[in-house]
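Written below as structure tokens is the structure these notes are about.
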Amino acid sequence: SIRSRKIDQNSNVDTAAIIFREILGGSELTSSGGLNFVADYRNDRMSPTEGYELNGAIEFAGLGGFTKYLRLEGRGSYYIPAPSWLLDRSAFSVRTSVGYALSLNQLSDFNWQIPTGISEIYSGDNQVRSLDQIDTESTLPLSERYFLGGLGQFQLRGFKARSVGPRRPRLRKRYFDFGDGKVGPLFQPVGYIPGYGGGSCAPKGVKAFGGNKNGLCNDIDAKDIDDFADLDETDVIGGNKFITSSIDYRFPISDTLGLEGVVFLDAGNAFSEGDNMLDLTEWRWGTGAGVLWFSPFGPLAVILGFPLDPTSQDKSPVFEFSVGGRGL
């Protein structure tokens, strides 16, 4: 495949460093090739009650263009008929998906057309930096990162689409005099007042430094949920790897109408470079129920899900709708 992309977004926004890089970076060309493997031993493609399915893929990007990575993904599902004391023709399913993308890009590959390599405009205040000095390990382009949530290929039901994954502090672009006659943008957490020898968070209600004006601000290097002083002033940046697991109980509602129900428990997360995706304490959990209708127009799925470990950024309940695919 060959694809070109560019984010058309005003750069006068408050967002995470990796998103700023995409906004300021211009067009990105990706040329990639790969192999896929599928083994399907289910007894029914649309409504299986036994059997298993395996999928594997390997992809390399870097045959030309900007983006360079090596990606490995695998998915597996196993279906078990339910015991006779449960509903007739109902079944349990267990599914696991994993993915890992090794970035082969370096920060020096990016061209943001702004000054780089400038540190600490204010003596002792490392909360003000140039873009190449923030989140330096996240070199996998934004469009190639994993965002979990909702239905689909990277589903994590009980959460909104693309709402689950690593977060980074939301930054504000500000212009500073570099002392050599040049003026250019540097970046600092929203709600932060820079200063010689160290700055401080803007007092509650002060508007000039952005953010939600609640008197809190995040450290520019914060990465974990427990490290953020204000989770509402962060953005999801996606991970370079992910893992999800699901346990479903599927049961027929009406053969005449082609209706099937499901009760589910989902778990997993996306993780940034250097994080351990097998750390169960970092997994997110969601549960709920849904209905699949095998309509004349194709499969239609609706679910109502709830996060079991919600943060201030999670909505509950979450209603989602899928058309034409295996949304459940």
Side-chain angles (χ1 to χ4, degrees), residues 1-36 57-73 97-118 129-150 152-154 161-175 184-188 220-221 223 234-242 269-275 277:
S1 69
I2 298 177
R3 56 191 182 272
S4 179
R5 58 177 295 276
K6 178 183 179 181
I7 294 181
D8 187 11
Q9 166 70 49
N10 191 314
S11 63
N12 293 319
V13 295
D14 296 337
T15 189
I18 188 173
I19 302 176
F20 267 123
R21 292 172 191 159
E22 298 288 325
I23 294 173
L24 298 171
S27 298
E28 293 179 358
L29 180 69
T30 302
S31 176
S32 67
L35 295 171
N36 296 313
I58 181 171
E59 180 186 17
F60 173 75
L63 304 175
F66 170 80
T67 310
K68 304 177 182 68
Y69 62 80
L70 178 66
R71 187 190 305 276
L72 300 172
E73 289 182 0
S97 299
V98 295
Y100 177 81
L102 174 65
S103 176
L104 303 177
N105 281 110
Q106 306 293 324
L107 278 184
S108 57
D109 297 335
F110 292 80
N111 178 21
W112 306 309
Q113 301 178 1
I114 59 174
T116 58
I118 302 166
R129 303 181 195 170
S130 57
L131 198 54
D132 61 323
Q133 297 170 332
I134 308 169
D135 203 10
T136 55
E137 71 276 14
S138 299
T139 59
L140 185 67
L142 189 68
S143 60
E144 307 301 337
R145 302 180 73 83
Y146 294 111
F147 294 79
L148 302 189
Q153 186 178 10
F154 304 111
R162 296 177 64 85
S163 68
V164 178
R167 289 181 171 271
R168 293 294 184 270
R170 201 169 286 163
L171 306 178
R172 167 154 286 203
K173 182 177 66 171
R174 299 189 66 207
Y175 287 85
L186 295 179
F187 299 82
Q188 64 184 61
I220 199 170
D221 292 318
K223 297 179 180 179
T234 63
D235 285 324
V236 179
I237 65 161
N240 76 316
K241 50 187 171 288
F242 83 97
N269 208 340
F271 296 85
S272 59
E273 291 81 348
D275 291 342
M277 68 178 181

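Both backbone and side-chain heavy atoms feed into the values below; hydrogens, waters and symmetry mates do not.
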How long is the span from the [atom1] atom in [X] to the [atom2] atom in [Y], to the nearest 0.5 Å?
{"X": "Ile2", "Y": "Ser31", "atom1": "CD1", "atom2": "OG", "result": "4.5 Å"}
{"X": "Asn240", "Y": "Arg71", "atom1": "CG", "atom2": "CZ", "result": "9.5 Å"}
{"X": "Lys68", "Y": "Phe60", "atom1": "NZ", "atom2": "CZ", "result": "9.0 Å"}
{"X": "Thr136", "Y": "Ile18", "atom1": "OG1", "atom2": "CD1", "result": "11.5 Å"}
{"X": "Lys173", "Y": "Thr15", "atom1": "NZ", "atom2": "OG1", "result": "12.0 Å"}

Worksheet item: Among Asp135, Asp235, Asp221, whose salt bridge (Lys or Arg N to Asp or Glu O under 4.0 Å) with Arg168 holds?
Response: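 Going through the options one by one, the only one that passes is Asp135.
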
Non-hydrogen atoms of [X] and [Y] that approach each other most closely:
{"X": "Ile237", "Y": "Ala16", "answer": "CG2-CB, 3.8 Å"}
{"X": "Leu140", "Y": "Ala101", "answer": "CD2-CB, 3.8 Å"}
{"X": "Phe187", "Y": "Leu24", "answer": "CZ-CD1, 4.3 Å"}

Could you tell me whether [X] and [Y] have a side-chain N and a carboxylate O separated by less than 4.0 Å?
{"X": "Glu273", "Y": "Arg145", "answer": "yes"}
{"X": "Arg3", "Y": "Glu144", "answer": "yes"}
{"X": "Arg5", "Y": "Glu22", "answer": "yes"}
{"X": "Arg172", "Y": "Asp14", "answer": "yes"}

Can you find a pair of side-chain heavy atoms, one from [X] and one from [Y], that are under 4.5 Å apart?
{"X": "Phe147", "Y": "Leu142", "answer": "yes"}
{"X": "Leu171", "Y": "Ile220", "answer": "yes"}
{"X": "Phe66", "Y": "Ser27", "answer": "no"}
{"X": "Leu107", "Y": "Arg21", "answer": "yes"}

Under 3.5 Å side-chain donor-acceptor pair for [X] and [Y]:
{"X": "Ser1", "Y": "Ser32", "answer": "yes"}
{"X": "Glu59", "Y": "Tyr69", "answer": "yes"}
{"X": "Lys223", "Y": "Ser272", "answer": "no"}

Item to complete: Answer yes or no: are there more than 12 heavy-atom neighbours, outside Asp8 itself, under 6.0 Å from its atom CG?
Response: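 Check fails, neighbour count at 12 or below.
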
Item to complete: Sort out for me which residue in Asp109, Thr139, Thr67 forms a side-chain hydrogen bond (donor to acceptor under 3.5 Å, both in side chains) with Ser103.
Response: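 The passing option is Thr139.
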
Discussion item. Please verify the inter-ring angle class for Phe154 with Tyr146; under 30° counts as parallel, over 60° as perpendicular, anything in between as tilted.
Written reply: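 Taking Tyr146 first and then Phe154, their aromatic rings stand perpendicular (interplane angle over 60°).
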
